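Structure first, commentary second.
Remember, predicted model here, so these are calculated numbers, not experimental data. Chain A is the first sequence line, chain B the second, and so forth, proteins listed ahead of strands; every chain is numbered from 1.
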Amino acid sequence: MSLKIDNLHVSIGEKPIVRGLTLEIQPGEVHAIMGVNGSGKSTLAKAIAGHPDYTITSGTVTMDGEDILGWESDERSRKGLFLAFQYPNEIPGVSNANFIRAAVQARLGEGEELDAVEYYERLYSKMDELGIPREFTARSVNEGFSGGEKKRNEILQMMMVTPKYGVMDETDSGLDIDALKVVAAGVNAQRGPNLGLLLITHYQRLLNYIEPDFVHVMVDGHIVQSGGKELALQLEDKGYDQFREPSPALVS
Amino acid sequence: MIPSAAVSEPPVDSPEPLALGEDAPEPTPPAGKGGLFLPPPVQKDQPTWFQERQWKAWEKFESLPLPHRKDSAWRYTTLGKLDISRYTPAAAVDSSAAEALAARSLGGPEVAGRLVTVNDRVVQRTPLSDELRAKGVVFAPMGDDLSAQRETLLRHFMANESVLGSQKFFALHQAHVRGGTFIYVPKGVHVELPLESFHWIAGEGAAIFPHTLVVAEEGSQVTLIDYLDSADRRQNGFVCGVSDLYVGAGAKVTYLAAQNWGEEVVALKMNTAHVAAGGHLTSLHVNLGARYDRLESHNLLAGAGARSDMLSATVATASQEFDQRTLQDHLAPDTGSDLLYKNSLSDKSKTIFSGLIKVAPGAHRTDAYQKVRNLLLSDDAEADSMPGLEILADDVRCTHGATSGFVDDAELFYLQSRGIPRLLAQQLITQGFLTEVLTRLDDPRATARLADLLAAKFERMKPR
């Protein structure tokens with residue numbers, strides 16, 4: 001049982017972005033990938049989720065032993081994978097409640113109808129937990145939401161679909177400290193033996209609130225060092241340069 | 001019954017006034033053509049002036065040419081879909097059929113009044129409250145005795161000529177019209193709850209001629225919702241409707257039309273609105289049904305500060321064709337109009353939009369917008385847009401634009417990443433795209449009801 005990424009190579013167009021990344025996440029574990037902009041963190045997240053613009057050139061991704069790379073993104077999601085977006089999309093005219101309902105409904109068997117009353121009870125209780133006001137059910141998905149509201153909405157969706165593995169792409173970006181605490185509390189509430197988490201972040205700050213079991217440093221499309229949570233502090237202290245191979249541009 | 005005119009009519013002692021008397025020449029249909037090319041039945045129960053007008057309209061119908069390929073008002077239209085020789089004026093349905101359709105006439109839970117019309121004949125009505133009647137509000141089929149409204153009717157009934165290409169069909173409507181919905185709201189009266197009018201078409205090859213006339217006097221307020229539907233969605237039919245809205249000074253009128261004719265129906269609707277100084281009209285057409293549906297909307301901003309919001313949401317599927325022609329006609333200073341038409345197109349469907357913003361000399365400080373957005377869900381669909389401007393005044397703000405595009409891939413990925421299958425995700429995005437028009441109404445109940453109708457059409461097309 002794990003989400004296993006093995007020697008993964010991902011390109012956008014002709015350009016290789018992720019170059020031989022290997023990582024395994026067991027249920028119950030929280031991993032953090034840290035890296036600067038352009039290191040390939042977000043590409044990794046989207047490629048795992050099945051974004052059609054990203055080409056897997058080699059390597060495998062398996063979820064509990066099943067190869068997921070042949071699946072469409074919706075199937076990956078229904079099988080238990082969740083991606084919290086760095087920049088969640090706005091969907092004009094589609095209410096947040098209907099959107100989340102469609103996501104929950106998609107997980108039911110054929111002919112099975114979602115119980116509307118139970119659904120709303122659950123939705124409201126999760127919204128309360130995240131401090132999301134009720135009027136957000138009727139508003140269009142993410143439209144006119146602040147950065148913090150969008151991120152809270154991502155966590156709400158995650159709570160409603162109860163994934164086995166969650167990939168959180170820069171969940172801390174654009175959040176002030178209060179919003180960050182709320183979002184982190186939402187994530188921590190879901191931690192447990194049935195959920196494996198991969199946090200992708202640029203800064204150590206998020207890890208003060210969601211404590212990782214493992215920290216990996218990503219440079220130029222692959223992991224250059226792995227360790228415990230103390231690695232994040234070391235990064236905060238000394239920066240990423242210590243891991244960077246000298247590039248021709250820097251030498252000259 | 002339509003009231004008699006005081007001045008213009010000949011003596012009424014003959015029970016069979018004008019119409020097809022000996023003096024009138026027998027009209028001859030074009031060679032080999034029957035159906036609606038045959039003269040309309042004489043409506044003996046109507047007053048003479050009305051019959052006279054019908055006869056004149058018939059003469060006009062016969063004198064005018066059919067739409068022609070080279071006629072710019074019919075550019076892009078598949079004219080072959082407009083063969084009116086296939087239809088005959090609809091007959092009354094029996095009482096059990098009428099009851100069944102009345103039972104299917106589901107509107108909102110709270111209304112100020114409701115009329116159910118089948119084949120141009122009223123089969124059920126929920127009258128106005130005594131309070132509204134005491135205030136002088138009228139909501140009645142034109143078949144009622146409206147002699148008290150004689151002046152209003154003479155002034156407003158079919159008062160605006162058709163200018164957007166359907167002159168021949170406008171004449172055909174007048175030659176056949178046998179009633180319709182008449183609403184009169186006196187000065188300063190607010191009708192808080194909506195009025196609803198259901199129009200059903202029933203019978204293979206039937207032709208109906210629904211008519212709507214709303215007269216909202218100075219400072220009044222009223223909302224009318226028209227529901228247009230077929231008794232049997234498989235039946236062929238022809239609809240030739242006219243609606244006239246008169247919005248008095250400072251009056252506020254909302255007109256909603258939910259068009260859900262069966263997929264074998266050919267429908268034409270000619271809308272004219274006249275907005276007086278400081279008046280505000282909001283109109284919204286939801287277009288779902290029909291094989292060919294033409295919507296003409298001529299909005300006259302006739303008095304200073306008049307405003308019109310013109311909205312439309314269309315779901316085109318299979319080989320449906322929606323043909324929309326509009327004119328935002330600014331005649332007075334400080335007037336505003338805002339048009340937003342959205343179409344989604346699937347399969348081999350087609351939409352045509354031709355819209356003109358016209359600003360008359362002297363209509364200074366006009367503020368006019370026109371926006372058409374087509375969402376293409378298929379490579380075989382066709383969206384033709386012809387926006388236009390004609391500005392003869394100074395200091396005006398006018399923008400127009402038409403865009404066509406496919407569903408945004410990033411939005412699609414977001415929904416799919418939540419487990420929603422691709423086709424369903426596309427459908428949700430499309431519904432959202434159209435629902436945005438409905439939310440402009442600022443009336444959550446009406447928005448919800450129309451959104452349900454949209455959803456029902458999407459449900460019908462859902463991949464199994």
Side-chain angles (χ1 to χ4, degrees), chain A residues 45-54 71-108 110-111 135 138-143 150 153-154 156-158 160-163 166-167 169, chain B residues 284 286 311-315 340 342-344 371 373 375 403 405-445 447-448 450-456 458-459 462-464:
Chain A
K46 285 186 176 147
I48 295 172
H51 194 293
D53 289 352
Y54 298 79
W71 299 345
E72 288 261 322
S73 52
D74 54 302
E75 190 172 2
R76 298 183 196 192
S77 167
R78 290 194 301 273
K79 290 273 176 70
L81 184 72
F82 184 89
L83 171 64
F85 280 49
Q86 181 178 6
Y87 302 110
N89 292 78
E90 300 183 358
I91 314 289
V94 177
S95 78
N96 214 29
N98 281 348
F99 163 58
I100 297 175
R101 186 175 174 159
V104 177
Q105 173 75 46
R107 285 161 169 78
L108 301 181
E110 202 155 327
E135 74 247 26
R139 284 178 58 178
S140 294
V141 177
N142 294 327
E143 202 178 40
K150 283 182 181 173
N153 204 30
E154 293 293 288
L156 174 64
Q157 293 161 42
M158 186 173 169
M160 291 299 290
V161 301
T162 56
V167 178
D169 189 8
Chain B
L284 168 63
V286 174
L311 305 168
S312 166
T314 300
V315 185
L340 176 64
K342 282 192 175 184
N343 306 312
S344 77
K371 192 166 161 189
R373 287 190 64 193
L375 184 62
T403 56
F406 294 95
V407 172
D408 186 83
D409 282 337
E411 291 179 17
L412 210 48
F413 175 63
Y414 187 58
L415 265 61
Q416 277 192 269
S417 79
R418 298 305 180 245
I420 302 168
R422 187 181 177 84
L423 280 171
L424 189 60
Q426 182 168 296
Q427 183 189 315
L428 272 175
I429 292 168
T430 307
Q431 254 172 276
F433 165 81
L434 295 167
T435 303
E436 249 201 322
V437 179
L438 311 185
T439 55
R440 284 266 196 115
L441 278 181
D442 201 22
D443 177 347
R445 278 201 296 192
T447 298
L450 296 171
D452 285 349
L453 282 172
L454 276 183
F458 281 100
E459 196 60 34
K462 208 171 191 171
R464 306 270 169 212

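A distance-only check finds a donor-acceptor pair linking the side chain of A/R78 to the backbone of B/G419 [under 3.5 Å]. With B/S344 contributing its side chain and B/V315 its backbone, the two residues share no donor-acceptor pair below 3.5 Å.
Donor-acceptor pairing under 3.5 Å is lacking for the side chains of A/N142 and A/E90.
When heavy atoms are compared at a cutoff of 4.5 Å, A/F82 approaches chain B solely by way of its side chain, counted from C-beta outward. With a 4.5 angstrom heavy-atom cutoff, A/P163 does not touch chain B via any of its atoms. In this structure, the portions of B/L415 lying under 4.5 Å from any heavy atom of chain A include both its backbone and its side chain. At a 4.5 Å heavy-atom cutoff, the contact between B/S417 and chain A is made by backbone and side-chain atoms alike. Contacts of A/E143 with chain B are made by side-chain atoms alone, with heavy-atom separations under 4.5 Å and no backbone atom involved. If you measure heavy-atom distances from A/R107 to chain B, the contacts under 4.5 Å come from the side chain alone. For A/V141, the part lying near chain B is the side chain, with the backbone staying farther off; criterion is any non-hydrogen pair under 4.5 Å. Contact annotation for B/Y414: both backbone and side-chain heavy atoms come within less than 4.5 Å of a heavy atom of chain A.
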Inset, instruction - Evaluate the side chain to side chain contact (heavy atoms under 4.5 Å, CB included) criterion for residues A/V161 and B/R418: first the C-alpha distance (whole Å), next the side-chain angles of each, then the deciding distance (0.1 Å), finally the verdict. - result: CA-CA 8 Å; A/V161 301; B/R418 298 305 180 245; 5.9 Å; no
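Side-chain contact between B/F433 and B/V407 is absent, with no heavy atoms from C-beta onward closer than 4.5 Å. The side-chain heavy atoms of B/L428 and A/I91, taken from C-beta on, include no pair separated by under 4.5 Å.
When A/P92, A/A49, A/A106 are compared by the number of non-hydrogen pairs under 4.5 Å with chain B, A/P92 comes out ahead. Heavy-atom pairs under 4.5 Å with chain B were tallied for A/L81, A/L83, A/D53, A/N98; the largest tally goes to A/L83.
Counting non-hydrogen atoms of neighbouring residues, nucleotides and ligands closer than 6.0 angstrom, the NZ atom of B/K371 reaches no more than 12 such neighbours.
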